[in-house]
A.B. asks: 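I'd like to ask you about the structure that follows.
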Amino acid sequence: MKSAEIRDAFLKFFESKGHQIVASSSLVPHEDPTLLFTNAGMNQFKDVFLGFDKRPYSRATTSQKCVRAGGKHNDLENVGYTARHHTFFEMLGNFSFGDYFKRDAIAYAWELLTEVFKLPKDKLWVTVYAEDDEAYGIWTKEVGVAAERVIRIGDNKGARYASDNFWMMGDTGPCGPCTEIFYDHGEHIWGGPPGSPDEDGDRYIEIWNNVFMQFNRDEQGVMHPLPKPSVDTGMGLERISAVLQGVHANYEIDLFQALIRAAARETSGNDIDSPSLKVLADHIRACSFLIADGVIPGNEGRGYVLRRIIRRAIRHGYKLGARAAFFHRLVPDLVAEMGTAYPELKDGERRIMDVLRQEEERFFATIENGMAIVEAELDAMEKAGNKVFDGDTAFKLHDTYGFPLDLTADICREREVTVDAAAFDAAMARQKEQARAAGKFKMAANLEYDGPETIFHGYERLEEKGNILALYKDGAAVNELFEGDMGVVVLDDTPFYAESGGQVGDRGELRAAGGIFGVEDTQKIQASVFGHHGVVRTGKLSVGQGVAARVDVAARAATARNHSVTHLMHKALRQVLGAHVQQKGSLVDPDKTRFDFAHTAPMTAEEIREVEEIVNREILANAATDARVMALDDAQKSGAMMLFGEKYADEVRVLTIGSSKELCGGTHVARTGDIGLFKIVAEGGVAAGIRRVEAITGENALHYMQEQERRVQGMSALLKVQPDEVAERVAGILDNVRALEKELARLKSKLAASQGDDLVSQAVEVGGIKVLAATLDGADVPTLRDTMDKLKDKLKTAAIVLASVADGKVSLIAGVTADSTARVKAGELVNFVAQQVGGKGGGRPDMAQAGGTQPENLPAALAGVREWVGSKL
């Protein structure tokens with residue numbers, strides 16, 4: 001069976017058992033800030049298991065795309081070195097939410113493996129938690145697995161329940177025993193059964209894990225039986241494909257073999273078994289799916305992990321001989337293999353290729369220099385018998401050439417060398433720390449709440465009476481808040497909108513009989529529980545007290561204008577730029593709307609004007625806004641736009657405003673005319689393939705236009721022309737300036753040439769090389785370069801440093817003639833001088849540039865050039 005057929009057979013089997021087939025969630029867990037990436041099949045059901053969310057089904061099955069390449073779950077460094085580690089993988093799973101439990105879960109697994117997939121029963125081994133007599137009995141007495149192939153795994157980590165066969169969501173919360181199914185690949189492969197001294201071998205491979213959520217663990221470690229025990233399972237598609245296709249390593253399955261052949265084609269790799277080809281086949285999956293789900297290469301968070309994976313792939317391509325962008329050309333091959341199961345790949349193919357190509361071109365510009373440094377360091381280490389790569393050099397590679405630490409470590413591993421990570425970390429500590437993903441599960445957000453939900457009335461009115469259900473101070477629940485206390489208030493009824501969908505939370509005030517609470521922000525504590533964040537201005541608040549909740553009307557109105565116009569702008573952007581435009585983030589507040597979208601090129605001035613015209617025509621039409629709550633299926637049939645990767649409830653709110661129809665829970669104007677005026681004030685790139693526009697509406701737009709008019713009138717008065725003549729007059733002035741700049745450059749060049757002629761006689765011969773170090777008064781950098789070229793032509797065999805000082809800053813250029821670069825490097829020479837004048841620099845062996853901030857040290861620095869060059873000869 002091919003991998004696609006195995007995936008389909010798994011889902012259809014569980015559908016036949018009453019399970020709802022649920023589409024894979026995005027690799028970016030939008031509703032769970034505790035995760036860097038989706039790394040398990042149960043991630044999208046976490047709130048269901050915790051009781052925060054309910055679904056119309058009690059049984060589900062999925063093929064979930066997962067990434068483990070950052071944070072706690074990081075398999076990146078093993079990819080390419082083992083048979084089963086991947087950055088991207090698919091997790092097949094079946095889930096029960098308080099429906100069936102151990103008996104059915106075990107029976108389903110056994111039926112699928114032995115009757116549908118027809119695996120030999122004597123090839124399957126099972127593990128259970130040592131104390132789970134129920135599961136052991138089901139396997140041995142009901143299923144009929146021989147007792148010697150059902151292994152009890154006890155606590156092996158120093159505490160009860162600290163077992164590989166006991167699963168916990170966190171330090172507290174749902175947990176329970178698990179039973180794992182292993183496949184025996186045969187005696188020809190080394191390794192022993194699970195629980196044996198040789199269990200780390202590759203003979204017995206885990207293919208399925210059934211987790212039984214049976215208990216709730218409290219803060220004292222006490223296990224309380226759950227009223228509705230649940231099941232969470234996972235089976236890696238790649239692993240079961242290897243078993244069913246009769247191969248041992250995941251990279252031998254049909255899916256990977258196609259990608260390995262594609263990688264060999266693009267790199268001219270002849271050895272189809274090369275680990276580098278395996279890396280490329282793995283990494284193109286992770287990179288493409290991450291980009292399809294909205295991640296873009298960057299310097300922090302998810303973007304940085306993606307950049308690390310891309311650059312690791314490029315390095316392996318470079319190792320195979322690639323010297324130009326190639327990786328992006330594997331995307332069509334991936335789409336051919338997986339585009340049917342995951343249409344987001346097919347829909348985003350062109351954009352994925354563009355993002356990868358841009359990132360490749362950036363890294364290929366520096367990889368050659370970086371690799372030269374790595375190889376030189378490794379060669380020197382080999383001669384010295386050193387096995388630890390210098391941490392400062394590793395940091396230089398990271399900081400200057402874009403080599404992530406694990407990329408350097410990957411290169412070193414191939415030479416059996418380790419990296420001094422402590423020294424690297426020390427160097428990194430001197431730089432701005434890279435952003436790190438939040439580490440705790442949102443249950444531990446210090447706002448423990450188990451009361452009624454908040455009823456939101458803010459669509460209909462901005463004032464509402466409510467009762468205080470809970471108060472929090474410093475993250476802990478309290479009964480009272482006093483004047484000056486900062487805290488969070490939970491109400492049963494509220495008109496305050498809680499931040500969601502890019503719209504900021506409302507502000508305003510809560511008035512009680514004995515106090516006033518200023519609401520500065522409104523955030524969700526749980527999906528349907530609103531927290532009003534702020535400070536007690538006067539008096540006090542108490543749990544159970546009634547309040548009058550009043551939203552800041554002006555701020556809400558301004559926010560509504562900006563949110564409504566975002567929908568119109570999104571539609572206009574798709575109309576002007578193309579249907580590929582997809583929302584990638586937004587922020588709507590009273591001041592502006594900020595909208596990020598997928599597009600690979602800057603918007604032209606004409607495109608911006610066209611979008612503005614379309615939106616303002618919609619505003620002038622003054623159409624009524626319509627918001628309706630309907631079933632998700634009905635919303636899809638109605639043509640409402642949905643954001644890929646977002647998690648929607650079974651009932652959704654569909655907003656129609658003008659010609660736009662989208663799913664949205666935000667607050668909006670009653671008619672398009674209420675927006676008043678729309679103006680784009682900024683457009684730019686935020687990352688590869690992602691553009692950002694900022695726009696304003698209403699009074700903000702009016703004030704902006706008035707300020708622009710004031711500036712034009714000011715320039716008009718200054719230039720003594722009419723406002724419509726300002727551009728022409730400025731163009732004339734710029735022409736005059738450019739002409740003067742050309743004349744100045746000509747005079748500088750002439751002056752430099754005359755100085756250069758005088759300098760030739762100052763050169764001193766050292767070891768067969770003419771050495772010259774001098775200052776050119778009044779020379780800019782282009783003049784220094786021209787003079788350097790002329791001096792090199794005249795001196796023939798030379799090492800030269802030229803300097804100039806302007807506005808307290810030093811400019812330096814070093815040049816070495818081609819016949820001398822083997823002995824003297826211009827980059828090292830200019831750095832020698834720069835370090836003495838408060839700077840640093842580098843460049844090519846024949847020409848290098850630097851700067852400094854200590855001109856008082858320049859004479860002494862130049863005086864030392866002769867001796868420095870002599871030391872290199």
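Note that the coordinates shown come from a computational prediction; the quantities given were computed from them, not determined experimentally. The analysis underlying the following values was restricted to heavy atoms, covering all of them including side chains, and did not include hydrogens, waters or symmetry mates.
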A.B. asks: Could you tell me if His86 and Glu238 have a donor-acceptor pair between their side chains, going purely by distance under 3.5 Å?
C.D. replies: no
A.B. asks: Less than 4.5 Å apart, any side-chain heavy atom of Phe395 and any of Leu405?
C.D. replies: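 Side chain of Phe395 against side chain of Leu405, heavy atoms only: no contact under 4.5 Å found.
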A.B. asks: Where the side chain of Glu206 meets the backbone of Ile181, is there a donor-acceptor pair that is under 3.5 Å apart?
C.D. replies: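 Between the backbone of Ile181 and the side chain of Glu206 there is no qualifying donor-acceptor contact (under 3.5 Å).
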A.B. asks: Look at the side chain of Ser288 and the backbone N and O of Val331, then say whether any donor-acceptor pair between them is shorter than 3.5 Å.
C.D. replies: no
A.B. asks: Would you please indicate if the ring centroids of Phe424 and His398 are separated by under 6.0 Å?
C.D. replies: yes
A.B. asks: Taking Arg315 for its side chain and Thr408 for its backbone only, find out whether a donor-acceptor pair lies under 3.5 Å.
C.D. replies: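 Such a contact is absent between Arg315 side chain and Thr408 backbone.
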A.B. asks: Is there a side-chain contact between Pro193 and Ile151 in this structure, where contact means two heavy atoms from C-beta onward sitting under 4.5 Å apart?
C.D. replies: yes
A.B. asks: State which residues pass ring-ring contact (aromatic ring centres under 6.0 Å, His included) with Phe364; sequence neighbours excluded, sorted by chain then number.
C.D. replies: none
A.B. asks: Hydrogens and angles aside, do Thr233 and Asn94 bring a side-chain donor and acceptor to less than 3.5 Å of each other?
C.D. replies: yes
A.B. asks: Using side-chain heavy atoms (C-beta onward) and a distance below 4.5 Å, is Arg152 in contact with Tyr129?
C.D. replies: no
A.B. asks: So which heavy atom on Leu11 is nearest to which on Ser63, and how close?
C.D. replies: CD2-N, 3.9 Å
A.B. asks: Quickly, which of Phe182, Tyr183, Trp190, Trp125 forms a ring pair (Phe, Tyr, Trp, His ring centres under 6.0 Å) with Tyr204? Name it, please.
C.D. replies: Trp125
A.B. asks: Quick one: does Pro297's side chain get under 4.5 Å of Leu306's, heavy atoms only?
C.D. replies: yes
A.B. asks: Looking only at heavy atoms, which two atoms of Ala40 and Cys66 are closest? And how far apart?
C.D. replies: N-SG, 3.6 Å
A.B. asks: Is the shortest side-chain heavy-atom distance between Asp410 and His316 below 4.5 Å?
C.D. replies: yes
A.B. asks: Just do the side chain to side chain contact (heavy atoms under 4.5 Å, CB included) check on Leu119 and Leu124 with the steps written out, would you?
C.D. replies: CA-CA 8 Å; Leu119 292 178; Leu124 299 176; 4.2 Å; yes
A.B. asks: Indicate yes or no for a side-chain donor-acceptor contact from Thr62 to the backbone of Ala23 under 3.5 Å, with no hydrogens or angles considered.
C.D. replies: no
A.B. asks: If I compare all heavy atoms of Phe326 with all of Gly317, which pair ends up nearest, and what's the gap?
C.D. replies: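 Residues Phe326 and Gly317, closest heavy atoms: CZ-CA, 3.4 Å.
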A.B. asks: Check the side chains of Asp254 and Ser3 for a donor-acceptor pair under 3.5 angstrom, ignoring hydrogens and angles.
C.D. replies: yes
A.B. asks: Report yes if the distance between the aromatic ring centroids of Phe363 and Phe403 is under 6.0 Å, otherwise no.
C.D. replies: yes
A.B. asks: Does the Arg149 side chain pair with the main chain of Lys121, one donor and one acceptor, at a distance under 3.5 Å?
C.D. replies: yes
A.B. asks: Say whether Thr38 and Gln64, considering side chains only, have a donor N or O and an acceptor N or O under 3.5 Å apart.
C.D. replies: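 Per modelled atom types, Thr38 and Gln64 side chains form no pair under 3.5 Å.
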A.B. asks: Should we count NZ of Lys396 as having more than 12 external heavy atoms under 6.0 Å?
C.D. replies: no
A.B. asks: Do any N or O atoms from the side chain of Asn165 and from the backbone of Ile153 form a donor-acceptor pair under 3.5 angstrom?
C.D. replies: no
A.B. asks: Going by atom types only, do His185 and Asp202 share a side-chain donor-acceptor pair under 3.5 Å?
C.D. replies: no
A.B. asks: Decide yes or no on side chain to side chain contact (heavy atoms under 4.5 Å, CB included) for Ile291 and Ile296, but give the supporting numbers first.
C.D. replies: CA-CA 6 Å; Ile291 295 169; Ile296 46 161; 5.7 Å; no
A.B. asks: Evaluate the criterion salt bridge (charged side-chain N to carboxylate O under 4.0 Å, His left out) for residue pair Arg415 and Glu377; output intermediate values, then yes/no.
C.D. replies: CA-CA 12 Å; Arg415 299 273 287 265; Glu377 180 75 13; over 6 Å; no
A.B. asks: Taking salt bridge (charged side-chain N to carboxylate O under 4.0 Å, His left out) as the test, write out the residues that go with Glu266, two or more places apart.
C.D. replies: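 Arg329.
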A.B. asks: The test is side chain to side chain contact (heavy atoms under 4.5 Å, CB included); show your working for Arg691 and Asp596 and say whether it passes.
C.D. replies: CA-CA 6 Å; Arg691 307 298 297 177; Asp596 296 347; over 6 Å; no
A.B. asks: I'd like to know if Asp846 and Lys825 make a salt bridge, using a cut-off of under 4.0 Å between side-chain N and carboxylate O.
C.D. replies: no
A.B. asks: Would you check if there is a donor-acceptor pair between the side chains of His283 and Arg312 at a distance under 3.5 Å?
C.D. replies: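 Distance-only check passes for Arg312 and His283.
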A.B. asks: Quiz question: by atom type and distance under 3.5 Å, do the side chains of Thr393 and Asp390 form a donor-acceptor pair?
C.D. replies: yes
A.B. asks: Salt bridge (charged side-chain N to carboxylate O under 4.0 Å, His left out) between Arg357 and Glu360: does it pass, once the steps are laid out?
C.D. replies: CA-CA 5 Å; Arg357 178 182 50 76; Glu360 284 188 89; over 6 Å; no
A.B. asks: Check whether Tyr318 forms a cation-pi arrangement with Arg323 (NZ or CZ under 6.0 Å from the six-membered ring centre, at most 45° off the ring normal).
C.D. replies: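 Yes - Arg323 lies over the ring of Tyr318, closer than 6.0 Å to its centre and within 45° of its axis.
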A.B. asks: Which distance, rounded to the nearest 0.5 Å, do you find between the CG of Asp232 and the CG of Asn209?
C.D. replies: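 Asp232 atom CG to Asn209 atom CG measures 8.0 Å (nearest 0.5 Å).
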A.B. asks: What is the ring orientation for Tyr342 with Phe289, classed by angle as parallel under 30°, tilted 30 to 60°, or perpendicular over 60°?
C.D. replies: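 Plane angle over 60°, so perpendicular.
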A.B. asks: In Å and rounded to the nearest 0.5 Å, what is the OG1 to CD1 distance from Thr61 to Ile21?
C.D. replies: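 So the OG1 of Thr61 and the CD1 of Ile21 are separated by 6.5 Å.
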A.B. asks: Applying salt bridge (charged side-chain N to carboxylate O under 4.0 Å, His left out), run through Arg265 and Asp333 and close with a yes or a no.
C.D. replies: CA-CA 11 Å; Arg265 179 193 70 221; Asp333 299 275; 2.7 Å; yes
A.B. asks: Can you tell whether the side chains of Asp354 and Arg351 come within less than 4.0 Å, N to carboxylate O?
C.D. replies: no
A.B. asks: Would Glu180 and Trp208 count as a side chain to side chain contact (heavy atoms under 4.5 Å, CB included) here? Give the steps.
C.D. replies: CA-CA 6 Å; Glu180 298 172 330; Trp208 204 338; over 6 Å; no
A.B. asks: Measuring from atom CZ of Phe10 to atom CG of Leu92, what distance do you get when rounded to the nearest 0.5 angstrom?
C.D. replies: 5.0 Å
A.B. asks: Whether the side chain of Arg302 engages the backbone of Leu36 through a donor-acceptor N/O pair (distance < 3.5 Å, no angle test) should be reported.
C.D. replies: yes
A.B. asks: With a 4.5 Å limit on heavy-atom distance, are the side chains of His248 and Ile189 in contact?
C.D. replies: yes
A.B. asks: State, to 0.1 Å, how close Ile240 and Ile6 come at their nearest heavy-atom pair, and which atoms those are.
C.D. replies: CG2-CG2, 3.9 Å
A.B. asks: Donor-acceptor pair, distance only, cut-off 3.5 Å: does the side chain of Arg68 make one with the backbone of Asn39?
C.D. replies: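 At least one qualifying donor-acceptor pair exists.
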A.B. asks: Please name the pair of heavy atoms, one in Ile284 and one in Ala281, separated by the smallest distance, quoted to 0.1 Å.
C.D. replies: CG2-O, 3.4 Å
A.B. asks: Under the salt bridge (charged side-chain N to carboxylate O under 4.0 Å, His left out) test, which residues partner Glu90, sequence neighbours left out?
C.D. replies: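 Testing Glu90 for salt bridge (charged side-chain N to carboxylate O under 4.0 Å, His left out), a comparison that skips the adjacent residues, returns Arg7.
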A.B. asks: Taking atom types as modelled, is there a side-chain donor on Thr179 or Asn210 under 3.5 Å from an acceptor on the other?
C.D. replies: no
A.B. asks: Flag the pair Glu349 and Lys346 as a salt bridge only when some basic side-chain nitrogen lies within less than 4.0 angstrom of an acidic carboxylate oxygen.
C.D. replies: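 No, Glu349 and Lys346 are not salt-bridged.
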A.B. asks: Can you find a pair of side-chain heavy atoms, one from Val231 and one from Tyr108, that are under 4.5 Å apart?
C.D. replies: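 No, their side chains stay 4.5 Å or more apart.
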A.B. asks: May I ask you to test the Arg239-Ile205 pair for a side-chain heavy-atom distance under 4.5 Å?
C.D. replies: yes
A.B. asks: Donor-acceptor check, side chain of Arg311 to backbone of Gly402, threshold 3.5 angstrom: yes or no?
C.D. replies: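 Looks like yes, one N/O pair under 3.5 Å.
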A.B. asks: For the backbone of Leu378 and the side chain of Glu382, can you confirm whether one donor and one acceptor N or O come within less than 3.5 Å of each other?
C.D. replies: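 Side chain of Glu382 to backbone of Leu378: no pair is present.
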A.B. asks: Taking all heavy atoms of Cys412 and all of Val419, pick out the closest pair and write down the distance.
C.D. replies: SG-CG2, 3.9 Å
A.B. asks: Is the closest basic N to carboxylate O distance between Lys12 and Glu5 below 4.0 Å?
C.D. replies: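 Looking at Glu5 together with Lys12, the answer is no, because their closest N to O distance does not fall below 4.0 Å.
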